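Values in this document were obtained by computation on a predicted structure and should not be read as measured data. By convention in this document, chain letters (A, B, ...) are assigned in the order of the sequence lines, proteins followed by strands, and residues within each chain are numbered from 1.
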Amino acid sequence: MILDLQARLAAAVKDLVRRDLGAELADVSFQYPPKAEMGDLALTAPFDLAKQLRRKPREIAEALAGPLGTLPGVVRAEVAGGGYVNLFLARGAFARELLASLAAAPKAPSGPRVIVEHTSINPNKAAHVGHVRNATLGDTFVRALRHRGRTVGIQNYIDDTGVQVADVVVGFRHIEGKTLEQVAAMTGRFDYDCWDLYARVGDFYAADPSRKKLQAETLHAIEAGGNDTARLAAYVAARIVDCHLATMERIGIRYELLAHESDILRLHFWERAFTLLKESGAIRLESEGKNAGCWVLSMEEGEEDDKIIVRSNGTVTYTGKDIAYQLWKLGKLDRDFRYQRHKTYDDGLVLWTSTSGEGESGAPAFGHADAVYNVIDVGQSYPQRVVKAGVAALGHADAAANSHHLAYEKVTLSPATARALGYDVSEADASVKVSGRKGLGVKADDLFDALEDKARSEIASRDPERDAASVQAAARAIATGALRYFLLKFGRTKIITFDMEEALAFTGETGPYVQNGVVRARSIFAKLAADGHGRDALLERARGLDLDALLGGEEGGEVWSLLVLMARSEEIVEQAVQAEEVAVLAKHAFAVAQAFHSYYQKPKYSVLHAESEDLRAFRTMVVDAFVRQMTVLTGLLGIPLPERM
RNA sequence: GCGCCUGUAGCUCAGUUGGACAGAGCGGCAGCCUUCUAAGCUGCGGGUCAGGGGUUCGAAUCCCUUCAGGCGCGCCA
């Protein structure tokens with residue numbers, strides 16, 4: 001909401017500068033004074049103008065302060081520091097505007113069409129914490145994009161023909177000697193069983209390197225299709241994907257399309273892309289040198305080596321296939337998948353899957369995006385740059401510019417956590433790498449179970465009488481909030497050294513802290529109702545209050561700083577989208593909750609025991625605004641709000 | 001060798017396009033529950049922003065350089 005105000009003020013400031021100083025300001029940026037007493041918005045224009053006008057910032061600030069103080073919505077302006085102009089806003093009007101914006105319905109998506117691809121776990125074993133980091137980042141980014149008006153499609157890419165799936169198939173066939181029927185008859189945690197089996201396959205190859213040829217044969221059979229090996233692989237991948245979907249749904253993460261590698265192969269996306277790349281001259285056939293016989297793509301920037309797209313034996317590299325797929329996402333490949341319904345979520349959202357067989361009618365238009373965000377770990381930066389270069393080389397400069405790699409760092413394990421998982425860790429190690437090959441990692445469901453258990457026991461220690469269903473619902477919400485906040489509070493370029501004890505924290509800068517703020521606020525309404533005060537009547541009464549007066553003074557000042565912080569929310573969401581950094585959202589939600597906790601704590605600001613009906617109405621209004629704002633913010637973070645903690 | 005990322009309080013991390021005395025959580029110490037649930041609040045202590053140089057009215061932030069750690073650079077996927 002503060003963005004609108006800033007835009008209005010910026011225009012006024014430009015006019016003023018033009019009229020009084022005869023100078024042009026390109027941008028007017030606002031900052032926030034370090035202390036609330038210093039003002040509500042800080043204008044840095046005098047610094048920007050200093051060079052242009054060859055005058056001291058302070059002098060310019062003094063010249064501007066007078067007229068700035070008379071702008072609409074501003075009650076006074078003060079010069080501060082070396083040349084800031086601090087604006088004091090008209091509190092009543094500002095508060096009314098904020099309240100109106102919080103009451104308004106969210107706007108329907110109308111902006112550019114965007115695809116976000118995230119999760120994309122190899123379908124051969126259970127998901128681990130690192131995968132949850134990917135999914136949480138992607139899911140939260142989607143929520144932020146939608147909030148800012150983008151039309152977003154969520155895709156999860158399934159590499160069902162890769163070497164990882166082949167390895168598990170080798171395990172089933174050659175270690176365990178199982179047929180498809182026997183595998184299908186397995187009960188229990190299939191993804192966990194495959195996790196262990198995958199680790200055993202690593203040992204199996206290591207014990208006799210000649211066994212590696214089983215991997216090659218299996219991979220070949222999977223690609224060829226129409227045989228028992230391929231059918232087993234398809235079964236394993238499909239069943240694991242369903243495990244992953246169930247795991248992610250526990251923390252509120254859903255998808256709209258499962259795009260399968262096998263369909264990209266069968267529908268010949270690559271062949272079409274190859275034709276386009278050759279025709280446009282984007283790739284060239286090398287006749288000599290180390291890459292003789294290969295089709296290569298020149299990397300634009302720097303002295304980088306050419307990237308091989310088609311090998312001298314005529315087969316395409318992984319990166320080549322990825323270029324084809326990216327072209328499809330951007331609507332630059334005149335091929336399409338066919339689609340089938342995979343499942344319907346309980347709220348009616350349909351998850352579609354790609355297919356190369358018969359398609360079903362009713363599928364929305366997938367692909368054809370104006371912008372694409374691929375959420376993939378930072379290790380894939382180079383291939384992602386190649387994909388982008390490939391799109392650009394085809395002459396799609398805009399599409400290439402709109403191809404984003406949302407790169408994030410890995411999750412490693414703290415020595416303590418690795419030891420708890422039964423691994424020997426030397427004293428010197430600061431962290432331990434997760435390894436699917438070794439079966440070393442914290443499984444997502446195990447972590448979530450641990451969080452739920454902890455939440456249940458915390459609840460039980462506070463309220464032993466509470467009924468089981470209510471405990472379960474709250475425990476689930478708290479576990480989700482704790483996990484999502486934990487994974488979101490770090491910047492995405494930061495390696496997270498995962499420590500079980502730290503992840504299980506429910507106090508301090510955590511999801512439960514944020515949730516608890518809202519729960520406490522809501523409990524005020526319940527108490528009010530029990531005491532015979534209607535919330536709606538109080539809110540109605542608040543409409544008639546003199547907010548300028550109430551927002552002055554000691555309590556008013558505290559409320560005012562809470563309102564200003566809340567008003568920054570839209571700006572923060574936009575920042576998260578622009579900087580592709582959702583951690584700022586998490587930090588902001590925490591800051592708002594913190595400001596509220598501090599205010600709420602003081603008995604003298606009690607809503608229930610307010611000195612007058614007007615004060616009660618005023619405080620009710622504040623609490624209501626906080627709940628509304630936090631509902632938006634926690635919704636963006638995917639942090640559910642339990643009825644009670 | 002080239003490229004990217006990271007280095008800020010004892011620990012884990014924030015720090016917007018350069019801006020006002022460098023912030024939070026945890027841990028430590030001292031307090032606050034017949035008071036809207038204490039998963040909370042208040043106070044105290046804690047920093048040569050890895051080192052050095054430069055640009056600027058102003059640098060944790062930009063440039064150069066050194067050091068330390070991580071990742072990437074394959075006719076693997």
Response to the item:
Whichever of A:Asn122 and A:Pro603 has the more 5' nearest nucleotide on RNA chain B, that residue is A:Pro603
Item to complete: Please figure out whether A:Arg492 or A:Thr319 has its closest RNA chain B nucleotide nearer the 5' end.
Response: A:Arg492
Worksheet item: Applying the side chain to side chain donor-acceptor pair (under 3.5 Å) test to A:His404, which of A:Gln384, A:Lys388, A:Glu580 qualifies?
Response: A:Glu580
Item to complete: Check whether the ring centres of A:Tyr325 and A:Tyr157 lie less than 6.0 Å apart, and answer yes or no.
Response: yes
Discussion item. Can you confirm whether the side chains of A:Asn374 and A:Gln326 place a donor and an acceptor under 3.5 Å from each other?
Written reply: yes
Quick one: label [X] by what it contacts on the DNA or RNA (base, sugar-phosphate, nothing), any heavy atom closer than 4.0 Å.
| X | value |
| --- | --- |
| A:Thr493 | sugar-phosphate |
| A:Tyr513 | sugar-phosphate |
| A:Val378 | nothing |
| A:Phe47 | base |
| A:Ile496 | nothing |
| A:Asp159 | sugar-phosphate |
| A:Tyr32 | nothing |
| A:Tyr600 | base |
| A:Ala521 | nothing |
| A:Ile572 | nothing |
| A:Gly379 | sugar-phosphate |
| A:Lys454 | nothing |

Discussion item. Between the side chains of A:Asp377 and A:Arg133, is the shortest nitrogen-to-carboxylate-oxygen separation below 4.0 Å, so that they form an ion pair?
Written reply: no
Fill in: Basic-acidic side-chain contact under 4.0 Å: A:Glu217, A:Lys213
no
Discussion item. Tell me whether the side-chain N or O atoms of A:Gln31 pair up with the base of B:U17 as donor and acceptor below 3.5 Å, since no angle test is needed here.
Written reply: yes
Discussion item. What I want to check is whether an N or O donor and acceptor connect the side chain of A:Ser598 with the base of B:C41 at under 3.5 Å.
Written reply: no
Discussion item. From C-beta outward on A:Gln601, which listed nucleotide comes closest to its side chain: B:C41, B:A20, B:U12?
Written reply: B:C41
Worksheet item: For the side chain of A:Asn516, counting heavy atoms from C-beta on, which of B:G70, B:C21, B:A39 is nearest?
Response: B:A39
Worksheet item: Where does B:C33 land, syn or anti, given syn is within 90° of 0?
Response: syn
Fill in: Rounded distance in Å between the C1' positions of B:G46 and B:A22
13 Å
Discussion item. Please report the distance separating the C1' of B:C33 from the corresponding atom of B:G23, rounded so that it comes out in whole Å.
Written reply: 29 Å
Practice prompt. Find the partner of B:U56: check Watson-Crick (N1-N3 plus N6-O4 or O6-N4) and G-U wobble (N1-O2, O6-N3) distances, both under 3.5 Å, and reply none if neither fits.
Written response: none
